[in-house]
Amino acid sequence: MINLTDSAVNAIKSAISSSARRAGGLRVMIEAGGCNGFKYKMGIADEPKPDDTVIECDGLKVFVDSKSREHLAGTTIDFVLAPESSGFTLHNPNAATNCSCGKSFG
């Protein structure tokens, strides 16, 4: 359902290990808003919610809620190191349009 590059796995594991709070995995979801209608939201989560799909990748758990599943199917999450703007990028085959900021889609 969701694929993580090695770079993304390493960045997420690093964030989890340095987190002051208990972390069971990464929550990835879609919310209404952004430049094109939907925006991505990611963050460290304690545990999955009852309706979550749990995806395991290289020992890392990713939690996706039922409302976001159809929008995220086939998405690849990468972590890019760049001099001007490092961070996560999402390559979503379900997005008809993408914002130049990379944080929203339609």
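Fair warning: this is a prediction, and the values are worked out from it, not measured in the lab. Heads up: numbering here begins at 1 and tracks the sequence.
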field: Steps toward side-chain contact (heavy atoms from CB on, under 4.5 Å) verdict (V28, S68)
entry: CA-CA 8 Å; V28 181; S68 300; over 6 Å; no

message: Would L60 and I16 count as a side-chain contact (heavy atoms from CB on, under 4.5 Å) here? Give the steps.
response: CA-CA 10 Å; L60 178 68; I16 287 174; 3.6 Å; yes

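Contact detail for L81 and S86: the closest heavy-atom pair is CA-OG, 3.4 Å. Looking at every heavy atom in both residues, A73 comes nearest to P93 through O-CG, 3.7 Å. A pairwise comparison of heavy atoms in F88 and A11 identifies CZ-CB, 3.9 Å as the closest pair. Looking at every heavy atom in both residues, F63 comes nearest to A45 through CD1-CB, 3.8 Å.
Using a 30° and 60° split on the angle between ring planes, H71 and F38 fall in the tilted class, from 30° to 60°.
A distance-only check finds a donor-acceptor pair linking the side chain of S18 to the backbone of S14 [under 3.5 Å]. Although no hydrogens or angles enter the test, the distance criterion places no donor-acceptor pair under 3.5 Å between the side chain of N94 and the main chain of G74. A distance-only check finds no donor-acceptor pair linking the side chain of S19 to the backbone of A15 [under 3.5 Å].
Cluster annotation: M1 and L90 are assigned to the same hydrophobic cluster (Ile/Leu/Val/Met/Phe/Trp/Tyr, side-chain heavy-atom contacts under 4.5 Å, transitive). By the criterion of side-chain heavy atoms lying less than 4.5 angstrom apart, applied directly or through intervening Ile, Leu, Val, Met, Phe, Trp or Tyr residues, V9 is grouped together with M42 in one hydrophobic cluster. Linking ILVMFWY residues whenever their side-chain heavy atoms come closer than 4.5 Å, directly or via other members, leaves M29 and I2 in distinct clusters.
Considering only heavy atoms from C-beta on, Y40 comes within 4.5 Å of L72 through its side chain. A 4.5 Å side-chain heavy-atom check between K67 and I30 finds every atom pair outside the cut-off.
Applying the side chain to side chain contact (heavy atoms under 4.5 Å, CB included) test between S7 and each of I12, D78, I77 identifies D78 as the sole match.
Residue N10 places its CG atom among more than 12 non-hydrogen atoms of other residues, nucleotides or ligands, all under 6.0 Å distant.
Within the structure, side-chain hydrogen bond (donor to acceptor under 3.5 Å, both in side chains) pairs that include any residue of residues 48-61 comprise R27-D52, D51-S66, T53-R69 (at least two apart or interchain).
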